[in-house]
Amino acid sequence: MNLHMKLKQRETDGRPIRVGMIGAGKFGTMFLAQAIRLPGIHVVAIADLRPDNARSNLAYVGWPEERYDAISIDSALQHGTTY
């Protein structure tokens with residue numbers, strides 16, 4: 001079984017890999033560009049010194065705004081969004 005199939009199974013089972021990121025600069029944004037397209041991965045929270053820059057980079061790589069509008073980490077976990 002390959003990685004994609006395992007991630008799809010985690011998504012189906014409702015137990016995604018939960019990720020907390022530190023920094024949404026160049027390398028973090030490259031990861032985010034892939035994470036939005038992979039099943040079974042939930043980026044729960046992003047910590048960045050410049051939150052507006054992180055939001056801008058999320059939009060740049062194609063994240064819909066409603067996917068990163070969580071008001072807290074608990075809210076992000078509950079609704080499958082990102083804080």
Side-chain angles (χ1 to χ4, degrees):
M1 185 180 274
N2 66 28
L3 179 60
H4 186 73
M5 293 296 291
K6 289 182 178 186
L7 287 172
K8 284 185 72 93
Q9 187 62 51
R10 289 187 74 96
E11 182 178 67
T12 300
D13 294 345
R15 31 179 225 97
I17 295 172
R18 294 183 176 127
V19 177
M21 284 186 55
I22 300 173
K26 180 179 181 178
F27 294 107
T29 300
M30 287 190 293
F31 171 77
L32 292 168
Q34 297 301 312
I36 190 74
R37 292 165 177 79
L38 291 172
I41 293 181
H42 176 197
V43 178
V44 177
I46 302 169
D48 197 288
L49 292 174
R50 298 188 327 218
D52 290 336
N53 189 48
R55 286 186 199 93
S56 173
N57 286 341
L58 284 163
Y60 175 73
V61 296
W63 283 56
E65 190 170 346
E66 63 273 5
R67 290 281 307 268
Y68 57 92
D69 65 354
I71 58 171
S72 68
I73 292 174
D74 289 335
S75 175
L77 285 167
Q78 184 177 14
H79 300 290
T81 57
T82 301
Y83 173 68

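Within the structure, every pair that satisfies the side chain to side chain donor-acceptor pair (under 3.5 Å) test and touches residues 23-43, not counting sequence neighbours, is listed here: T29-N57. Judged as a side chain to side chain donor-acceptor pair (under 3.5 Å), not a single pair has a partner in residues 58-71 (not counting sequence neighbours).
Listed by chain and number, the residues in a side chain to side chain contact (heavy atoms under 4.5 Å, CB included) with S56 amount to none (sequence neighbours excluded). Every side chain to side chain contact (heavy atoms under 4.5 Å, CB included) that I17 has, sequence neighbours left out, goes to L7, R10, V19. Applying the salt bridge (charged side-chain N to carboxylate O under 4.0 Å, His left out) criterion to R15, with sequence neighbours excluded, gives D13.
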Under 3.5 Å, which donor-acceptor pairs do the side chains of residues 73-83 form with other protein atoms, sequence neighbours left out?
unit_1	atom_1	unit_2	atom_2	d
T82	OG1	V43	O	2.5

Under 3.5 Å, sequence neighbours excluded: what are the donor-acceptor pairs made by side chains of residues 47-54?
unit_1	atom_1	unit_2	atom_2	d
D48	OD1	R50	N	2.8
D48	OD2	A24	N	2.7
D52	OD1	R55	NH1	3.0

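In terms of heavy-atom proximity, G40 sits nearest to E11 at N-CB, 3.6 Å.
A single hydrophobic cluster is seen to contain both L3 and L38, as judged by linkage of ILVMFWY side chains at heavy-atom distances under 4.5 Å, directly or through other members.
I36 is not listed as a side-chain neighbour of I41, based on a closest heavy-atom distance of 4.5 Å or more.
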